[in-house]
There are 2 protein chains.
Amino acid sequence: MVDVAEFPGNGPIRLTCKDCSLAELCLPRGVSPDDMGRFETMVDQRPPLSRDEPLYRTGDRFTALYAVKSGSLKTLVSTQDGENQITGFYLPGELFGFDGFDDNHSCSAVALERSNVCELPLDSIEELSSNIPSLRRELDRLMARQINSDQSMLLLLSRRSADERLATFLVSLSMRFQQRGFSANEFRLSMSRHDIANYLGLAAETVSRLFKRLKESKIASVNGRTIIVHDFDALRDGIDGCAGSLPERNLA
Amino acid sequence: MVDVAEFPGNGPIRLTCKDCSLAELCLPRGVSPDDMGRFETMVDQRPPLSRDEPLYRTGDRFTALYAVKSGSLKTLVSTQDGENQITGFYLPGELFGFDGFDDNHSCSAVALERSNVCELPLDSIEELSSNIPSLRRELDRLMARQINSDQSMLLLLSRRSADERLATFLVSLSMRFQQRGFSANEFRLSMSRHDIANYLGLAAETVSRLFKRLKESKIASVNGRTIIVHDFDALRDGIDGCAGSLPERNLA
DNA sequence: TTAGCAACTTGATGTAGATCAAGAAGGGGC
DNA sequence: GCCCCTTCTTGATCTACATCAAGTTGCTAA
């Protein structure tokens with residue numbers, strides 16, 4: 001069983017970082033080794049974040065994008081009255097922080113567990129992407145994917161039942177793990193039931209009951225935060241025609 | 001009473017179009033008259049769209065961004081089983097189409113009424129924004145605002161009651177009208193009850209009942225698609241602390 | 001090992017808003 | 001004007017999920 005805590009660094013991803021065990025993480029294919037080298041020197045590793053520690057908060061000045069090296073994070077929007085809505089989870093190898101491009105961050109980003117992230121400073125991004133049009137284009141794509149992902153979530157939250165939401169979430173997570181060389185069937189959830197519920201617009205109790213039903217119907221084994229999907233097709237079937245609009249969030 | 005059908009073209013906005021009555025629509029402040037002139041020649045007006053006519057569909061190749069000259073449009077994501085979720089409404093002077101930046105459009109855009117739009121071809125955008133860094137930065141901001149707006153909607157849909165959703169929607173619409181020189185208190189809804197309900201994740205009947213309650217409590221007069229807000233504060237109060245996270249969608 | 005707490009589970013009950021079903025009111029076209 | 005068709009309203013009923021209330025499990029720490 002693979003744990004998401006440490007990212008192996010041999011997946012098919014795209015950007016190098018001088019201090020990272022990550023092989024590549026965000027640079028588009030077709031970039032010269034020379035440009036690649038210049039990019040490396042611009043990526044900084046941040047001090048490790050402990051559980052519940054924020055990387056940035058709503059309103060913070062936007063200075064950089066971030067890539068998850070190990071661990072995982074969530075982003076959330078808040079209201080005056082202290083309510084939160086989790087807007088995304090980020091796994092090793094994924095890039096996030098686009099919410100800040102309008103000068104200030106509109107979300108907070110918080111570590112779900114002990115995590116390492118790399119920083120891509122805005123200055124470097126701008127300088128380099130003005131020299132490498134394909135990088136510029138790639139960043140546009142990543143932002144567009146963020147938009148698409150958020151809009152798929154809108155559909156999920158307003159038109160889908162609780163079980164469809166959870167099934168969609170699990171399938172999406174599974175695909176993201178698989179894409180990075182982890183097992184698609186067996187993985188560890190780094191977020192609490194409460195976080196899953198919040199993300200999916202449900203109550204934590206409901207999520208718990210849905211996991212119970214997945215166990216009873218032999219679709220998946222759920223033991224604490226460890227999940228093994230036995231019947232992927234049944235899970236997908238539960239989603240009922242919206243497979244194409246999964247929040248696949250191919251970020252990076 | 002102001003109708004949104006025709007945009008007066010004297011608002012504080014930013015981009016010129018050679019055939020448009022719009023004065024300016026998207027170019028950032030501080031751009032030289034020279035660059036402005038070059039930009040003008042790149043904007044094309046499209047043939048008018050009639051009601052329910054699509055401007056682009058999910059999966060269409062991304063070739064341009066669009067600005068609303070007159071009328072209004074909606075964007076929507078769809079599922080295999082034919083269900084739709086409206087992801088946004090666009091009023092005169094607003095820019096949209098960012099969902100396509102990942103090569104293909106992930107939404108469809110459909111006219112709500114007879115509408116005119118201007119087209120900003122991708123090629124022109126790329127060429128010009130590589131020469132004018134501030135334009136590049138402005139486009140990033142617009143995309144970020146789209147992300148922020150979508151994420152505010154996530155919060156609205158999953159954590160807010162039906163009346164809070166409608167109040168938020170009306171306040172947001174009102175602000176957008178005001179920003180473009182229209183009355184903030186009195187405006188015409190170009191979308192059906194069904195569209196409003198779909199956008200807010202509700203049933204059309206519920207929207208109808210909520211409008212009735214707004215009338216009964218003297219907060220607003222609602223007569224068909226014409227709305228007059230009498231007590232703006234009461235409307236805002238109904239939103240309960242989430243005023244800061246309104247989908248203000250300052251697009252353009 | 002055991003205490004203390006947070007995370008999770010499970011059951012009982014309540015309710016906001018969906019759905020179903022009929023009418024009423026607009027609003028183009030002729 | 002009048003017809004037809006869509007949109008909107010209003011009421012009655014139903015239900016998925018939230019909320020409330022106890023447990024239970026499982027870390028973490030000494």
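Residue numbers start from 1 in every chain, and the chains themselves are labelled A, B, ... in the order their sequence lines are given, proteins ahead of strands.
Remark: Phe211(B) engages no residue in a ring-ring contact (aromatic ring centres under 6.0 Å, His included) (not counting sequence neighbours).
Closest to the Ser192(B) side chain, of the nucleotides dC8(D), dC8(C), dT10(C), is dC8(D). Among dT10(D), dT7(D), dT10(C), the nucleotide with an atom closest to any side-chain atom of Ser208(A) is dT10(C).
Between Arg46(A) and Glu119(A) there is a salt bridge, since a side-chain N of the basic residue sits under 4.0 Å from a carboxylate O of the acidic one. Lys74(B) and Asp195(B) are joined by a salt bridge, as a carboxylate oxygen and a charged side-chain nitrogen come within less than 4.0 angstrom of each other. Ion pairing between Glu83(A) and Arg160(B) holds under the 4.0 Å rule for side-chain N and carboxylate O.
No contact: Arg159(A) has no heavy atom under 4.0 Å from any strand.
Atom CD1 of Ile227(B) and atom P of dC8(D) are 13 Å apart (whole Å). Rounded to a whole Å, the CZ atom of Arg225(A) is 14 Å from the P atom of dA6(C). Atom pair Leu210(A):CG and dC8(C):P shows a separation of 15 Å (rounding to whole Å applied). Atom CZ in Arg213(A) sits roughly 15 Å away from atom P in dT9(C) (whole-Å rounding). Straight-line distance from the CG atom of Asn198(B) to the C1' atom of dT19(C): 16 Å, rounded to whole Å. With rounding to whole Å, Ile196(A) atom CD1 is found 11 Å from dC8(C) atom C1'. Going from atom CZ of Phe211(B) over to atom P of dT10(D) covers 13 Å, rounded to whole Å. If you take CE of Met191(A) and C1' of dA6(C), they are 18 Å apart, rounded to a whole angstrom.
Residue Lys215(B) places none of its side-chain N or O atoms closer than 4.0 Å to OP1 or OP2 of dC8(D). For Arg193(B) and dT10(D), the shortest distance from a side-chain N or O to OP1 or OP2 is not below 4.0 Å.
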Per-nucleotide protein contact string for nucleotides 16-30 of chain D, where B marks a base within reach and S marks sugar-phosphate only (heavy atoms under 4.0 Å, - for neither): -SSBB----------
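By the neighbour-count criterion of 12 heavy atoms within 6.0 Å, atom CZ of Arg225(A) is densely surrounded, having more than that number from other residues, nucleotides or ligands.
At least one side-chain heavy atom of Leu55(A) sits less than 4.5 Å from a side-chain heavy atom of Leu49(A). Contact of the Leu214(B) side chain with the Leu166(B) side chain is registered, since non-hydrogen atoms from C-beta on lie closer than 4.5 Å.
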